[in-house]
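Read through the structure below, which is laid out as structure tokens, and then see the notes.
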Amino acid sequence: MAEEVRVRFAPSPTGEPHIGNVRTALFNWLFAKSCGGKFVVRVEDTDQERLVPGAMDAVLDCLEWLNIPWDEGPRVGGPYAPYIQSERLSIYQELAESLLREGRAYPCYCSRDRLARMRDERRVQGFTTAHACECRTMTTQERRDKEAENGAPVIRFGMPTSGVTKVHDLIRGDVEWQNDLQEDFIILKSDGFPTYHLAVVTDDHLMNISHVLRAEEWLPSTPRHLQLYDALGFDPPEFGHLPIILGPDRSKLSKRHGATGVLEYREEGFLPEALVNFMALLGWSLDDKTEVLPVEEIASNFTLDRITKSAAVFDREKLEWMSGVYMRQLSTGDLAGRMLPFLERDLPGDSLPVEQPYLERIVPLVQERVKLLSEADEWTSYFFNDVPEYDPKTLVQRGMDVQGTLGALRRAMDEVASTESFDHESLEALLRAVGAELGLSARQFFGVLRTAVTGRTAAPPLFETMEVLGRDLVALRLESAAERLDQVSQSEEL
RNA sequence: GGCGCGUUCGUCUAGAGGCCCAGGACACCGCCCUCUCAAGGCGGAGAUCGCGGGUUCGAAUCCCGCACGCGCUACCA
């Protein structure tokens, strides 16, 4: 009988949550969902020096924003609590102690300098930089002497000096390492904190993790973990090493590549469901055609054998496209609700407050034009003021002159003021006829009106826009346009 | 330097011996639609499947070698 699938995401709170981290979280969660397993979050805060206050909350906020819930972990608790490693120190210390007693680990008194020198020497000699110092074979007396002069040692794990360590990686297949090339790595630092290696192995075992799905950069430390499992008498979980995510220069995605923090994408107004879909496609695919699919469908079709082995370059342009796709799928009310906080943030103060019912009339006009919520203000600002800012000269369309443009504006003013129905269909019928009468093409006439009404040369359909703005505002803007154009042309003639 | 992993259009990918002189998507170009911008439709360009050897009637797919890229090589994760 197969055991319950339990996977975990184990971020270390050392900075802003990163696309790479979150993609790993997503794959773990997808895998758990795909087989009815549990997804646990565990905070690996064993590096006190690099610890960044608030980083843990940022990670958790990201997961929540992306709608990736966890079954156990911080904020939700669970049967294996605590899920924060700094609260579990005694567990690791006891295990390190027992390893020490059994002779599988030993105290090491070497200084960093000495270690660095040894590594350099080995490197020039063409050897691996690994392997142990002589602390491994010290006598008890020698240790006592060292301790007196050097203070607290670190605890190193003694790797086997012969044989190979093999893993059957769920994604990469069989991989093996020669043991004598492996380093005697530190499991307990001199401050009493465990290193990653001891802590993961311990907690993955204690928390009953069945599958370790982590980034490929961890593959080289897998033999260490396997040997630790063995020495501790624990059954190892299954391992699967996920392809890493690269920046445009094909090196591991990192801060120097610019926007890599997930929170930045939230600030920019990417839709979380688009980010999730997009990240899932970084290393996984359903088939040869389908790319846009809801997360439930990704989860129900998610299998490890469809994960790629090769690293993937993060393509922001495609993400933007996908965000637009999801944007268009939203209902009016939903989109309006999501836009609101962005408009409140980005619109000038005198345009506020934004009323949701009014916004919902605007949304259908801009929905298929907006890719990011942070663009919402650019697309809608002229709905929230009296007269938009623009260069009056842009009123004059190709093939027209100032006088003709002024005439067109004044004629439109009259029509707008006197027409009975102000719905877009009537307006279009009416103004089309007027344009023809003036001898202007639709492009010209509507171009003049577009600039006058919206202040821009690219905007949603004119007549729907007018309908939403209402007769008074439209009339005001047409009038203002005529005045401003008149002024400019006069001042330039002088 | 050592160890490990990887290598299909610029990018994400499909492909598990004949369906592939390689399919889809983003980006790009053109046309259509059209009041502008989008969205949409149609079409185009773009990959000698890293290279060289094998195996086979037949290889992107299997084997070997090489090259290149990336990762790891901390009292960081």
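These numbers come from the heavy atoms of this one structure, side chains and all, not from hydrogens, waters or symmetry mates. Residue numbers begin at 1 in each chain, while the letters A, B, ... track the order of the sequences.
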Listed pairs, N/O of protein and of nucleotides 75-77 of chain B, under 3.5 Å:
{"residue": "B:rC75", "atom": "O2'", "partner": "A:Arg112", "partner atom": "NH2", "Å": "3.3"}
{"residue": "B:rC75", "atom": "O2", "partner": "A:Ser190", "partner atom": "N", "Å": "2.8"}
{"residue": "B:rC75", "atom": "O2", "partner": "A:Ser190", "partner atom": "OG", "Å": "2.7"}
{"residue": "B:rC75", "atom": "N3", "partner": "A:Ser190", "partner atom": "OG", "Å": "2.8"}
{"residue": "B:rC76", "atom": "OP2", "partner": "A:Lys189", "partner atom": "NZ", "Å": "2.9"}
{"residue": "B:rC76", "atom": "O2'", "partner": "A:Asp47", "partner atom": "OD2", "Å": "2.8"}
{"residue": "B:rC76", "atom": "O2'", "partner": "A:Arg50", "partner atom": "NE", "Å": "3.2"}
{"residue": "B:rC76", "atom": "O2'", "partner": "A:Arg50", "partner atom": "NH2", "Å": "2.9"}
{"residue": "B:rC76", "atom": "O2", "partner": "A:Arg50", "partner atom": "NH2", "Å": "3.3"}
{"residue": "B:rA77", "atom": "OP1", "partner": "A:Thr46", "partner atom": "OG1", "Å": "2.9"}
{"residue": "B:rA77", "atom": "OP1", "partner": "A:Lys189", "partner atom": "NZ", "Å": "2.6"}
{"residue": "B:rA77", "atom": "OP2", "partner": "A:Tyr196", "partner atom": "N", "Å": "3.3"}
{"residue": "B:rA77", "atom": "O2'", "partner": "A:Ser12", "partner atom": "OG", "Å": "3.0"}

- Query: What pairs with A:Tyr390 under side chain to side chain donor-acceptor pair (under 3.5 Å), at least two apart in sequence or on another chain?
  - Reply: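 A:Tyr390: no side chain to side chain donor-acceptor pair (under 3.5 Å) contacts found.
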
Calculate the interatomic distance between [X] atom [atom1] and [N] atom [atom2]; express it in whole Å.
X        : N      : atom1 : atom2 : result
A:Asp169 : B:rG71 : CG    : C1'   : 14 Å
A:Arg450 : B:rU34 : CZ    : P     : 15 Å
A:Phe445 : B:rC35 : CZ    : C1'   : 11 Å
A:Leu286 : B:rG15 : CG    : P     : 10 Å
A:Phe446 : B:rC37 : CZ    : P     : 15 Å
A:Gln182 : B:rA74 : CD    : P     : 12 Å

Qualifying residues under salt bridge (Lys or Arg N to Asp or Glu O under 4.0 Å), relative to [X], sequence neighbours excluded:
X        : answer
A:Arg104 : none
A:Asp191 : none
A:Asp334 : A:Arg338

Using purine N1 to pyrimidine N3 plus N6-O4 or O6-N4 for Watson-Crick, or N1-O2 and O6-N3 for G-U wobble, each under 3.5 Å, what pairs with [N]?
N      : result
B:rC31 : B:rG41
B:rG17 : none
B:rG69 : B:rC5

Presence of [X] side-chain N/O under 4.0 Å of [N] phosphate oxygens OP1/OP2:
X        : N      : value
A:Thr308 : B:rU13 : yes
A:Arg443 : B:rU36 : yes
A:Arg432 : B:rC35 : yes

- Message: I need a per-nucleotide contact map over nucleotides 19-29 of chain B, read 5' to 3'. Cutoff is protein heavy atoms under 4.0 Å; write B for the base, S for backbone only, - otherwise.
- Response: ----BBBSS--

Side-chain donor-acceptor distances from residues 239-246 of chain A under 3.5 Å, at least two apart:
{"residue": "A:His241", "atom": "ND1", "partner": "A:Asp169", "partner atom": "OD2", "Å": "2.6"}
{"residue": "A:His241", "atom": "NE2", "partner": "A:Arg214", "partner atom": "NH1", "Å": "3.2"}
{"residue": "A:His241", "atom": "NE2", "partner": "A:Thr222", "partner atom": "OG1", "Å": "3.3"}

Sugar-phosphate only, base, or nothing, as touched by [X] at under 4.0 Å among non-hydrogen atoms:
X        : result
A:Ala442 : sugar-phosphate
A:Arg306 : sugar-phosphate
A:Thr454 : nothing
A:Arg328 : sugar-phosphate
A:Val370 : nothing

- Item | Distance in Å, A:Lys189 NZ paired with A:Leu198 CG, rounded so as to fall on 0.5 Å steps |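 It is 11.0 Å, given to the nearest 0.5 Å.
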
- Query: Which residues, if any, of residues 241-248 of chain A bring a heavy atom under 4.0 Å of RNA chain B?
  - Reply: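 Output list: A:Ile244.
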
- Task: Enumerate the residues from residues 271-284 of chain A whose closest heavy atom to RNA chain B is under 4.0 Å, giving them by residue number; use none for an empty result.
- Result: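 Residues of residues 271-284 of chain A under 4.0 Å from RNA chain B: A:Leu281, A:Leu282, A:Gly283.
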
- Task: Using the six-membered ring of A:Phe27, assess whether NZ or CZ of A:Arg23 lies under 6.0 Å from its centre and within 45 degrees of the ring axis.
- Result: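 Yes; both conditions hold, so A:Arg23 lies above the ring face of A:Phe27.
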
- Partners passing side chain to side chain contact (heavy atoms under 4.5 Å, CB included) against A:Lys371 (at least two apart in sequence or in another chain):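 Here the qualifying residues are A:Glu320, A:Glu375.
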
- Task: For A:Gln444, enumerate each residue passing the side chain to side chain contact (heavy atoms under 4.5 Å, CB included) test, keeping only those at least two apart in sequence or located in another chain.
- Result: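 A:Gln397, A:Met400, A:Leu440, A:Ser441.
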
- Query: Using the ring of each side chain (for Trp, its six-membered ring), is A:Tyr265 parallel, tilted or perpendicular to A:Phe314, with breaks at 30° and 60°?
  - Reply: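 Taking A:Phe314 first and then A:Tyr265, their aromatic rings stand perpendicular (interplane angle over 60°).
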
- Answer with yes or no whether the side chains of A:Asp249 and A:Ser251 bring together a donor and an acceptor at under 3.5 Å.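 The answer is yes; a qualifying pair exists.
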
- A:Asp203-A:Tyr92 side chain donor-acceptor pair, cut-off 3.5 Å: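 There is such a pair between these side chains.
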
- Item | Contact nearer the 5' end of RNA chain B, comparing A:Trp177 with A:Val325 |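 Mapping each residue to its closest nucleotide by heavy atoms, the 5'-most match is A:Trp177.
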
- Item | Least distance between heavy atoms, A:Asn28 atom then A:Val7 atom |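 Closest pair (atom of A:Asn28, atom of A:Val7, distance): O-CG2, 3.2 Å.
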
Between the protein and nucleotides 61-69 of chain B, which nitrogen or oxygen pairs come in under 3.5 angstrom?
none

